Amino acid sequence: MRHRSVADLMTPHPVTVRAETAFKEVARLLHEYDITAVPVVDGDGRPVGVVSEADLLRRRAGGTSAAGELMSSPAVTARPEWSVVRAARVMQRHGVKRLPVVGADGLLIGVLSRSDLVRLFLRRDQAIREEIVEDVIVRTLRIAPSSVTVDVDDGVVVLSGTVPRAELLPVVERLCQSVDGVVDVDNRLAGPSAGPS
């Protein structure tokens, strides 16, 4: 069981501009490629900032500005091996909607946007169910799959059945919540029955 990585979801080979790229050219690229922002890179291909539609709108009156004057800088970046959870936290902490993704050499290799992260919640229910049964129930917790019923509807997981030890009840729920695409968990599991006294 693992969270998807930034590399799994990023857009590779993104459209870029240089600091000297004119306002109108930036606007044209955003329109042509149907994107809302573009990384600004230096001569080596390292991101130095990001120009968004909002940046353009703020400077509309001075339409002769170049990308270097418009961009948000420095660029808040991500690494391809990061989990999407880490990337989402960095976006939230810095108040940004996208992260240029850089390799070990600092060169731009992709862009991760909030809309890329939203795609996680569009995972098919069957894929979520299979991951929970195979990775959480069987492989991680070593519970017989016949003991636990897993139903998934629009990302909401319903767990029913019994687990061998009562202390596993919150663990199963927590692990299921960590599966990409899970919106909520309805934990109806029970611990082992006491048996005759």
Side-chain angles (χ1 to χ4, degrees), residues 1-128 131 154-156 177-184:
M1 180 177 58
R2 69 172 187 91
H3 281 291
R4 303 306 181 270
S5 70
V6 167
D8 293 332
L9 292 179
M10 73 180 189
T11 300
H13 317 295
V15 176
T16 62
V17 297
R18 300 282 292 276
E20 61 271 19
T21 304
F23 178 100
K24 286 192 174 182
E25 176 63 8
V26 174
R28 185 190 70 75
L29 289 168
L30 294 180
H31 175 72
E32 180 180 334
Y33 290 94
D34 193 25
I35 52 179
T36 59
V38 62
V40 181
V41 296
D42 65 16
D44 295 322
R46 289 180 174 81
V48 294
V50 174
V51 177
S52 68
E53 290 174 328
D55 296 325
L56 293 181
L57 292 172
R58 276 196 290 274
R59 294 292 296 270
R60 185 175 52 196
T64 57
S65 303
E69 302 166 58
L70 300 167
M71 69 184 181
S72 301
S73 181
V76 179
T77 61
R79 296 292 301 273
E81 67 273 13
W82 284 8
S83 73
V84 293
V85 172
R86 180 175 179 184
R89 287 182 180 146
V90 169
M91 282 183 188
Q92 182 167 5
R93 188 178 328 122
H94 292 277
V96 296
K97 297 178 181 178
R98 65 205 52 80
L99 297 170
V101 182
V102 297
D105 55 7
L107 299 180
L108 183 72
I109 59 172
V111 170
L112 181 75
S113 69
R114 283 197 309 200
S115 61
D116 295 325
L117 296 178
V118 168
R119 285 198 331 241
L120 285 180
F121 294 101
L122 301 178
R123 283 184 80 195
R124 289 180 11 257
D125 289 340
Q126 183 60 28
I128 294 170
E131 183 171 342
D154 280 341
V156 177
Q177 287 170 337
S178 73
V179 171
D180 290 331
V182 171
V183 175
D184 197 10

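These numbers come from a predicted model, not from an experiment.
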Q: Please report the C-alpha distance between Met91 and Leu117 in whole Å, then the side-chain angles of each, then the deciding distance to 0.1 Å, and finally whether the side-chain contact (heavy atoms from CB on, under 4.5 Å) criterion is met.
A: CA-CA 11 Å; Met91 282 183 188; Leu117 296 178; 3.8 Å; yes
Q.
Could you walk me through whether Arg79 and Val6 satisfy the side-chain contact (heavy atoms from CB on, under 4.5 Å) test, starting with their C-alpha distance in whole Å, then the side-chain angles of each, then the deciding distance to 0.1 Å, before giving a yes or no?
A. CA-CA 7 Å; Arg79 296 292 301 273; Val6 167; over 6 Å; no
Q. After noting the C-alpha distance and the side-chain angles of Arg4 and Glu131, does the key distance pass the salt bridge (charged side-chain N to carboxylate O under 4.0 Å, His left out) rule?
A. CA-CA 12 Å; Arg4 303 306 181 270; Glu131 183 171 342; 3.6 Å; yes
Q.
Between Thr36 and Lys97, is the side-chain contact (heavy atoms from CB on, under 4.5 Å) condition met? List the steps.
A. CA-CA 10 Å; Thr36 59; Lys97 297 178 181 178; over 6 Å; no
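Across all their heavy atoms, Leu112 and Val101 have their closest contact at N-CG2, 4.0 Å. Annotation for Val41 and Arg18: closest pair O-CD, 3.3 Å, computed over non-hydrogen atoms. Across every non-hydrogen atom of Leu99 and Ala78, the tightest pair is CD1-CB, 3.8 Å. Nearest heavy atoms, Gly181 versus Ile128: O-CD1, 3.5 Å. In terms of heavy-atom proximity, Asp44 sits nearest to Asp42 at N-OD1, 2.9 Å. Listed here is the closest heavy atom pair of Ser5 and Val84: O-CG1, 3.6 Å.
Between Pro47 and the choices Thr77, Val111, Val76, Leu107, the side chain to side chain contact (heavy atoms under 4.5 Å, CB included) rule is met once, by Thr77.
Formation of a donor-acceptor pair under 3.5 Å by the Arg123 side chain with backbone atoms of Asp180 is found in this model. Formation of a donor-acceptor pair under 3.5 Å by the Thr11 side chain with backbone atoms of Pro14 is not found in this model. No donor-acceptor pair under 3.5 Å is formed between the side chain of Ser65 and the backbone N or O of Phe23. With hydrogens and angles ignored, the 3.5 Å screen pairs no side-chain donor or acceptor of Arg46 with any backbone N or O of Val102.
Note that CD of Glu32 and CD of Glu25 are 8.0 Å apart. Values are rounded to the nearest 0.5 Å. Rounded to the nearest 0.5 Å, atoms CG (Leu29) and OG1 (Thr16) are 9.0 Å apart. Rounded to the nearest 0.5 Å, atoms CD1 (Ile35) and OG (Ser52) are 11.0 Å apart. The line from NE2 of His13 to CD1 of Ile109 is 9.0 Å long, rounded to the nearest 0.5 Å. The distance from the CG atom of Asp116 to the CE atom of Met10 is 10.0 Å, given to the nearest 0.5 Å. Distance check: Leu57 CG to Leu70 CG gives 11.0 Å after rounding to the nearest 0.5 Å.
Residues Arg98 and Pro39 have side chains not in contact (no heavy-atom distance under 4.5 Å, counting atoms from C-beta outward).
Within a 6.0 Å radius of CD in Gln126, more than 12 heavy atoms belonging to other residues, nucleotides or ligands are found. Heavy atoms of other residues, nucleotides or ligands lying less than 6.0 angstrom from CZ of Arg28 number more than 12. Around the NE2 atom of His31, the shell of radius 6.0 Å holds no more than 12 heavy atoms that belong to other residues, nucleotides or ligands.
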